[in-house]
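Some notes on the structure that comes next.
Not measured: the values here are computed from a predicted model. When reading the values below, keep in mind they use all heavy atoms of this one structure, side chains included, and skip hydrogens, waters and symmetry mates. Just so it is clear: chains get the letters A, B, ... in the order the sequence lines come, proteins before strands, and each one is counted from 1.
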Amino acid sequence: MSSKKNTKKVSDSEDDDFEEEEDGSEGSEEEDSAENSVKEEEDEEDSDDNDIKEEDNGDAKIEVKDENNDDDDEEEEFKPSISGNKRKNDTPVEKSAGLVNAKQVKTSGGDAIKKPVQKQQDSDDEDDENSDIKWKYLEHHGVLFPDYWQKHNVRPRYDGKPFDLDLYQEEMATYWSQTLGTDWEHKAKYRENFSKQFLETFGSNKGKYDFDKFDFTPIKIHLDEQRELRKNRSKEEKNQEKLKKEKLSDYYAGAILDGFREKVGQFMIEPPTLFKGRGEHPKMGLMKGRIQPEAVVINIAKDAPVPKCSVPGHGWSEIVHKQDVTWLASYKDDSVKKQHKYIFLSAESKLKAENDKKKYEKARRLKNLIGSIRENYERKLKSSEPIDRQLGTATYLIDKLALRVGNEKSEEEADTVGCCSLRVEHIQVLDNFQIGFDFLGKDSMRYQNTVKVTEIVWKNMQAFTKNKKRQDDLFDRIDASSLNEYLKSQMEGLTAKVFRTYNASHTLQQELDKANEEGLDKMDLKDKLNFYDEANRNVAILCNHQKTVGKNFDVMVGKMEQRINVYKEYEKELHTHLNKCKKNGVNPYEKEVILEEKDDGKHKMFVKKFPGTKEKIQEAIEKIKKKIDEEQNKKQSKEKNKEIALGTSKTNYNDPRISVVWCKKWEVPVEKVFPKTLIAKFVWAMDTDLDWSF
DNA sequence: CGAGATACTTAGCACGACCTCC
DNA sequence: GGAGGTCGTGCTAAGTATCTCG
């Protein structure tokens with residue numbers, strides 16, 4: 001209810017005709033690169049804009065500041081107040097709290113405050129307390145659009161002859177050329193989808209052309225040259241560009257939510273390119289269309305200034321004031337598949353952090369109830385009702401194997417499954433109460449596992465496969481929503497994914513609790529971190545978080561082995577050297593041997609030193625032993641992590657408080673287990689008490 | 001109800017910044 | 001100080017879950 005009231009179009013309200021005016025009056029504006037538009041559209045064009053906005057909001061313009069443009073006090077004051085970079089998370093913007101405060105920030109040089117205050121009062125009041133209001137005040141700078149295509153005029157060949165392409169054709173052809181030499185090039189579907197769409201651009205002439213006769217290597221070569229050129233830019237040039245980028249990002253990343261500066265996440269509209277779906281995606285190779293501002297909906301507070309659209313001659317689709325959602329902007333993109341995209345605040349924002357914390361608290365509630373919940377679904381396993389046996393069995397799998405729930409998918413997507421969408425062909429009922437699983441899950445990652453289950457589960461699984469074809473659903477009486485409905489009856493807010501969070505965090509806690517037995521106190525930092533990685537790895541294995549093996553993994557490991565062998569040989573030689581030294585009292589053989597490990601042209605050197613005194617030799621032996629040890633550890637963890645991605649569980653499944661407490665307890669700096677961004681994301685967990693546990 | 005819409009989280013990969021090792 | 005490797009971050013695809021509507 002409340003939200004509905006808030007979502008009406010700006011243009012509906014008596015004082016906002018923003019889009020109409022903008023659209024109508026600016027058709028002839030220069031229409032190029034977004035980069036230009038952000039920085040250059042200053043005065044002439046700006047004045048139009050301000051006219052409109054000043055009517056709306058008093059003086060509410062937002063400008064990107066350029067180094068050469070520091071003459072405007074208003075902007076000067078405004079900008080830092082909302083810029084993302086200097087933001088201090090827990091310092092309210094401008095001291096006081098809440099709505100009033102945010103407005104002060106926004107208007108710290110102008111008079112926008114007057115009107116909005118009135119606007120604010122006429123409808124919001126009763127909304128605030130009830131329902132799920134996510135914010136009271138929200139202000140941001142909108143979204144950034146990728147540059148329009150700029151023609152490079154490098155022609156492909158057709159039938160061996162240079163061939164002219166129009167603007168859009170060239171753009172498509174270039175995206176295609178980007179993938180020449182990669183795996184994509186050889187995927188039949190990718191080629192099929194692209195070629196069809198590409199030929200489509202010739203309209204009624206499309207029948208005249210044969211895609212196989214096109215040769216795009218000239219464009220490919222051009223792209224390679226461009227990359228080379230970019231790489232070889234001067235230091236200053238690179239620096240300049242970096243600064244520019246930072247400036248832009250500083251501007252767009254800046255938002256204010258309820259009186260606090262917050263960082264916006266991904267604010268750049270996804271640029272056009274060829275769609276690259278994971279796995280056997282039927283739509284791979286199709287052109288992702290260019291998103292125009294007219295497709296973008298902006299969500300801000302009623303009394304916030306309307307962000308400026310950076311594309312000359314264009315305007316937003318709509319300005320809404322939906323307080324029951326967290327997105328700042330959204331757009332529909334149906335070019336490849338029907339979908340909505342959103343611009344959110346970044347992971348480190350209060351809004352996201354709060355949700356994150358709630359997620360873990362919910363998982364902890366599950367932890368406390370898990371006993372009775374397990375009893376409940378175990379009872380269901382034996383129920384006389386087939387539906388209940390399926391619910392029980394599916395819940396068992398979700399709990400024990402951390403499977404995803406498995407929503408229905410359409411034909412237009414890659415064929416992947418989760419628990420409820422498992423088909424008979426995905427499992428094998430084996431001897432000894434074992435079940436074999438082999439299916440493609442999210443992102444077409446293969447889940448392959450053989451597990452011993454309880455007798456009753458085993459029998460159920462066998463029954464569910466009876467008289468069915470391979471392609472039939474294993475669970476034919478339930479789906480994701482009925483399963484979640486059942487879970488809801490067991491605990492408020494319980495859904496299938498909570499089991500994953502709970503099991504992951506619980507596993508991490510258990511693993512890390514083994515620190516005492518492992519004698520962590522006697523370990524050095526490196527070994528402690530190995531121990532942590534091991535725990536982390538167990539979670540990743542549970543959740544099936546995989547990564548593809550890098551193409552030169554074997555080469556890498558080979559090199560390490562070689563290095564270890566060299567070290568070992570050196571160690572042996574040192575021992576003989578030491579013996580000789582002992583016999584003679586003094587060392588007659590002091591020497592250095594320089595080894596060059598040659599490897600495909602490049603070389604690395606290793607110097608074997610044979611010192612002249614027993615003590616020094618002894619030292620050298622110790623040193624090389626340590627090096628061997630380190631190198632072996634490194635090799636081992638590399639092999640262990642060969643196909644396992646540790647990052648995903650760290651960011652999404654492991655309650656950060658577990659790690660924080662562990663770090664404190666064992667005197668490991670948190671920044672050794674969390675990279676910068678995760679520390680920022682998990683600020684809320686950083687001062688957890690030592691006695692806390694999941 | 002069921003299908004599509006909507007909102008938000010979870011996921012792997014490419015690439016570039018940074019670090020290390022001589 | 002530069003090449004080679006590592007690692008973090010940005011990007012965007014692909015899930016989950018719930019809501020809405022005919």
Side-chain angles (χ1 to χ4, degrees), chain A residues 3-4 132 134 182-183 227 230-231 238 242 249 265-271 273 275-279 281 283-284 288 297 299 322 324-327 330 332-334 336-342 344-347 351-352 355-356 359 404-410 413-414 416-421 440-445 479-485 487-488 493-498 500-501 504 540 543-548 550 552 555-556 559-560 563 594 596-597 599-607 634 638 643-653 674-678 680:
Chain A
S3 69
K4 239 173 223 159
D132 23 26
K134 305 284 170 55
T182 71
D183 292 348
R227 176 166 336 139
R230 265 187 66 77
K231 219 172 69 190
K238 282 182 185 168
K242 203 176 153 191
S249 141
Q266 191 59 34
F267 51 77
M268 167 80 102
I269 297 288
E270 291 174 20
T273 180
F275 175 71
K276 295 175 189 71
R278 318 258 166 92
H281 202 295
K283 304 240 173 176
M284 63 170 85
K288 269 179 49 163
V297 178
N299 191 27
K322 288 161 77 74
D324 58 339
V325 296
T326 66
W327 52 265
S330 74
K332 237 163 72 144
D333 179 4
D334 295 343
V336 172
K337 49 187 165 175
K338 273 191 181 301
Q339 65 179 339
H340 278 91
K341 297 270 183 179
Y342 299 88
F344 294 109
L345 289 178
S346 72
L351 208 59
K352 291 277 188 193
N355 285 346
D356 210 29
K359 175 182 75 183
R404 296 184 186 82
V405 68
N407 280 300
E408 312 293 331
K409 295 188 74 182
S410 84
E413 299 168 274
T416 64
V417 297
C419 184
C420 293
S421 46
L440 297 182
K442 181 175 178 182
D443 291 307
S444 292
M445 302 311 285
D479 63 12
S481 28
S482 61
L483 187 121
N484 275 333
E485 214 172 293
L487 294 178
K488 287 254 162 3
L494 184 60
T495 64
K497 93 192 212 9
V498 183
R500 260 168 92 79
T501 314
C543 295
N544 197 40
H545 291 144
Q546 295 182 282
K547 64 168 195 271
T548 48
N552 43 16
V555 181
M556 213 79 257
K559 271 185 191 166
M560 290 175 113
R563 211 167 300 143
I594 297 174
E596 291 192 23
E597 309 173 10
D599 207 278
D600 56 297
K602 322 249 172 355
H603 60 276
K604 216 174 196 179
M605 295 196 312
F606 175 67
V607 184
K634 227 164 109 185
K638 201 163 187 94
E643 314 184 79
I644 299 171
L646 298 184
T648 310
S649 47
K650 234 182 224 188
T651 16
N652 299 303
Y653 288 101
F674 289 141
K676 258 206 321 285
T677 43
L678 281 191

| message | For dG10(C) and Gln266(A) - does any side-chain N or O of the residue sit under 4.0 Å from the phosphate oxygens OP1/OP2? | response | no

| field | Qualifying residues under salt bridge (charged side-chain N to carboxylate O under 4.0 Å, His left out), relative to Lys442(A), sequence neighbours excluded | value | none

| Sub-3.5 Å donor-acceptor pair from the side chain of Lys409(A) to the main-chain atoms of Ala414(A), do we have one? | yes

| task | Sequence neighbours left out, what passes side-chain hydrogen bond (donor to acceptor under 3.5 Å, both in side chains) with Lys283(A)? Give chain and number order. | result | Glu412(A)

| query | OP1 or OP2 of dA17(C) sitting under 4.0 Å from any side-chain N/O of Asn484(A)? | reply | yes

| query | With a 4.0 Å cut-off on heavy atoms, is Lys488(A) in touch with a base, just the backbone sugar-phosphate, or nothing at all? | reply | sugar-phosphate

What are the atom names and distances for every N/O pair under 3.5 Å that joins the protein to nucleotides 7-9 of chain C?
unit_1: dT9(C); atom_1: OP2; unit_2: Thr677(A); atom_2: OG1; d: 2.5

| task | Could you tell me which residues satisfy side-chain hydrogen bond (donor to acceptor under 3.5 Å, both in side chains) with Ser649(A), sequence neighbours excluded, listed by chain and number? | result | Asn536(A)

| Got Thr495(A) and Lys488(A) here, is their nearest side-chain heavy-atom distance under 4.5 Å? | yes

| Between Trp327(A) and Tyr342(A), what is the ring plane arrangement, given parallel below 30°, perpendicular above 60°, and tilted in between? | tilted

| message | Within the 4.0 Å limit for protein heavy atoms, which parts of nucleotides 8-15 of chain B are touched? Write it as a string from 5' to 3', B for base, S for sugar-phosphate only, - for none. | response | BBBSBS--

| said: If the helix axis at each end comes from five base pairs, how far does the helix from dC1(B)-dG22(C) to dC22(B)-dG1(C) deviate from straight, to 10°? | reply: 10°

| field | Main-chain N/O of Gly647(A) paired to Thr651(A) side chain as donor or acceptor, under 3.5 Å | value | yes

| query | Just checking Ala496(A): base, sugar-phosphate only, or nothing, at a heavy-atom cut-off of under 4.0 Å? | reply | sugar-phosphate

